[in-house]
Amino acid sequence: MNFPSVRERTCDCGTLRTGDAGKNVTLMGWVGRRRNLGGAIFVDLRDRGGVTQITFMQDQLPELHAQAETLRAEDVICIRGQVVSRGDNASERMSTGAIEVIASELHVISRSEPVPFPIADGTSANVDTRLQYRYLDLRRPEMLRNLTVRARTARAVRDYLDANGFMEVETPYMVKYTPGGARNFLVPSRINKGQFYALAESPQIYKQLLMVAGADRYFQIARCFRDEDPRGDRQPEFTQIDLEISFADMETVLRLVEGMVVAIWEQQDKYFQSSPLPRLEWSEAMEKYGTDKPDLRFGLEHVVLNDFAAACGFTVLRDAATRGDLVKGMRVPQSAEFFSRKKLDELTEWVKRQEIGPAKGLVWLKVKSPTELTGSAAKAFTPEETAGLIVRLGAEVNDTLFIVADEPKLTHKVMDNLRREIASQMKLTTPEQFAAEWVIHFPMFEKNDQGQWVSSHHPFTHPRPEDLDLLGTERQGEVKALAYDLVVNGNEVGGGSVRIFNPEIQQKVFDALGISREDCKDKFGFLLEAFRYGVPPHAGFAAGLDRIISLLCGQDSIRDVIAFPKTVTGVDRMTTAPTPVSRAQLTELGLL
RNA sequence: GGGGUGGUAGUUAAGUCGGUUAUAACGCCGGCCUGUCACGCCGGAGGCCGCGGGUUCGAGUCCCGUCCACCCCGCCA
């Protein structure tokens, strides 16, 4: 090949500064923007490290200059030259803007056809096009930066967990199929025709077996596979920071994980609004925010108004309270001016358009004085009720108040959506702001569509000890679990639980779920058997690495922090997977 | 599984009430230009208007179907 040995590359394109002036360097990279002024040609040479301006002067080296005229965007070239200060011509936009390299040699290593979209930050190409040419998309500095953040985060995780006595262990991706939970991808076995592995939806059972094995503290940056519909923040395969700790209780896990997450954020020079992280009881989160993953970057807390509603003269609220609906209010401080009549009407319409169900409507009120309200329902309240409502919501003059009364689930959801929508409209958050919290003591069980009890987390989750007596009773739904979620800016970034290690409690939970002994043996027999041979108390956690990185990178979609993601229909636009296979292959696998 | 938005040049978009030659910017090709850094100036090429059907004298535009992408609900830890 007609270019210097790749070993002669002296540095990357982001390193040279004024102090390097006079040095002879060899740079290799991709041609970015070219500025051909006739007698002088400027080329932005780019590699992962950054961009350096290369100059070709006609009056100095006419042949070289002529060669440089043939350069096109994304050609890979090697140049030799001398670093010179740009003096008054320095560019402030580039980190290397104070210098340039006057080329003395140019070697075209490989030519590029015109690229389908420009290799630059802030590209306006469609996701579809970007995914089809993912290798070009990744070439954009922004994307390489995302991948760098990802790599550094993974390293920070390993460093932190290693320093805290964790051992990294790999567990199988090809596992036994177990119904329930997420849908599994199936892998046919050629050797055992007609039989299948499943791709692991998480290392859950293996990590508990590792505890039985005495691994004590395990972690893994593990790929998980779930055959569910993807979303912007969900992919059929994704990565978890998975860990499990022996001789641990909830407190042990929360402290260790909190330390890890703070370390991850600090490694990117980012910090949480409050640290140590606040802890919210699940019931408290639902009451104040209507969701189990509240965004705590802003206030706008909900207040349950059922007792007020039940006694007030406004029939809509009173009837709702009598009916057993949930009545919630929310105060938006100093927003009377912000919420024009038009905005309030739009918000009312927006509430009715929610896809969660037929929300009955939105009551809005503005506080004129400590005893005076205006708005959609102001006249329905007596003066005492008005004053009482203002006190209940802690409202001040010029606040706007919103009230929703509906079925509890709907009220929570509508008020949660409203809270986030208003925060967004009023721009209550900034991109560099992070608020994380723990949400603890989730309900142990919930009812599915068929009215059967199912685990909210998974069947090995330990019930809160004081609720054990409720198992199997009418009040089973009130049982809380030693389960916890980590939430950042309203995103659930991870969760875990204390596991059951006592066979009697485990049996009670299986009974409560209506899982027969045969079923248990079939699905989890090996785990239950393992638990007969001495099992330490243990607890664990799993965090969504992709979501964490996308938060750190300020990306809306985890697609932008995964090197080769799939579309929302699970298709790899670059390779076109999945594809059909031949009949011969199907036959060999015993599928025909 | 349900709902929504979109698909026009290589890319990103405009295209009115259905009307005769489908626009623009960037990119590409050719020319000029020695301090640009989104270089500038002049000229040029480039179209299965996602695909299939229908309505109409006439469809990028209206209707039906379909494919693809994205967003939301369901689902999913």
Side-chain angles (χ1 to χ4, degrees), chain A residues 32-45 51-60 62 65 69 72-74 84 86-94 96-97 100 102 112-133 136-137 180-184 201-204 224-236 238 240 242 292-293 353-357 413 417 439 442 448-449 455-458 461 483-487 491-497 540-544 547 556-557 559 566-571 573 576:
Chain A
R33 293 203 158 271
R34 297 159 293 133
R35 293 171 293 279
N36 186 344
L37 277 67
I41 297 173
F42 301 97
V43 168
D44 289 340
L45 189 63
V51 177
T52 298
Q53 175 165 288
I54 315 296
T55 18
F56 300 89
M57 304 301 286
Q58 192 170 33
D59 54 4
Q60 291 167 24
H65 174 272
E69 282 196 303
R72 292 296 177 268
E74 303 311 315
V84 299
R86 283 168 69 174
D88 292 346
N89 292 319
S91 163
E92 282 167 22
R93 312 187 56 183
M94 284 192 272
T96 60
E100 63 188 346
I102 310 281
S112 171
E113 290 179 22
V115 284
F117 53 87
I119 309 302
D121 285 349
T123 185
S124 47
N126 281 322
V127 188
D128 200 22
T129 316
R130 290 173 51 201
L131 288 182
Q132 196 180 339
Y133 301 94
L136 296 179
D137 190 32
R183 273 189 281 269
N184 292 110
E201 54 186 76
S202 80
Q204 183 59 39
C224 303
F225 307 87
R226 288 176 196 165
D227 191 7
E228 299 291 345
D229 293 359
R231 288 278 178 85
D233 60 351
R234 244 190 265 159
Q235 285 271 311
F238 62 99
Q240 279 190 346
D242 190 52
D292 57 9
K293 45 175 186 171
R353 263 187 287 116
Q354 300 295 299
E355 292 184 27
I356 45 192
K413 192 73 199 166
N417 287 351
V439 177
F442 276 66
N448 68 7
D449 300 341
S455 298
S456 304
H457 192 63
H458 59 59
T461 305
Y484 31 84
D485 271 6
L486 178 67
V487 179
N491 298 278
E492 182 213 323
V493 301
S497 62
F541 186 80
R547 244 178 249 193
D556 294 331
S557 169
R559 270 193 304 265
K566 291 174 178 59
T567 68
V568 82
T569 52
V571 171
R573 295 294 271 172
T576 75

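Proteins get letters first, then strands, A, B, ... in listed order; numbering begins at 1 in each.
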*Asks:* Under the 5.5 Å and 30° test, is A:Phe42 stacked on the base of B:rU36?
*Replies:* yes
*Asks:* Starting from P on B:rU36, measure out to CD1 on A:Ile41 and report it in whole angstrom.
*Replies:* 16 Å
*Asks:* Going by an N to O cut-off under 4.0 Å, is there a salt bridge joining A:Glu492 and A:Lys293?
*Replies:* no
*Asks:* Is A:Arg34 near enough to B:rU36 that one of its side-chain N or O atoms lies under 4.0 angstrom from OP1 or OP2?
*Replies:* no
*Asks:* Over how many whole Å does the gap from A:Arg72 atom CZ to B:rG10 atom C1' extend?
*Replies:* 16 Å
*Asks:* Starting from C1' on B:rU34, measure out to CD on A:Glu69 and report it in whole angstrom.
*Replies:* 12 Å
*Asks:* Report the base-pairing partner of B:rG40 (Watson-Crick or G-U wobble, both distances below 3.5 angstrom), or none.
*Replies:* B:rC32
*Asks:* To the closest 0.5 Å, what do you measure between CD (A:Glu69) and CG (A:Asn36)?
*Replies:* 5.5 Å
*Asks:* For nucleotides B:rU55 and B:rG10, find the distance between their C1' atoms and express it as a whole number of Å.
*Replies:* 35 Å
*Asks:* Using the P atom on both, measure B:rG3 against B:rG15 and round to a whole Å.
*Replies:* 27 Å
*Asks:* Provide, to the nearest angstrom, the distance between the CZ atom belonging to A:Arg573 and the C1' atom belonging to B:rG7.
*Replies:* 12 Å
*Asks:* Would you kindly give the CG-to-P distance between A:Asp121 and B:rU12, to the nearest whole Å?
*Replies:* 17 Å
*Asks:* B:rA77 P sits how many Å from A:Asp233 CG, rounded?
*Replies:* 14 Å
*Asks:* Do NZ/NE/NH1/NH2 and the carboxylate oxygens of A:Asp44 and A:Arg35 come within less than 4.0 Å?
*Replies:* yes
*Asks:* Does the side chain of A:Pro230 reach to within under 4.5 Å of the side chain of A:Lys566, using non-hydrogen atoms?
*Replies:* no
*Asks:* I need the CZ-C1' distance between A:Phe56 and B:rU34, as an integer number of Å.
*Replies:* 15 Å
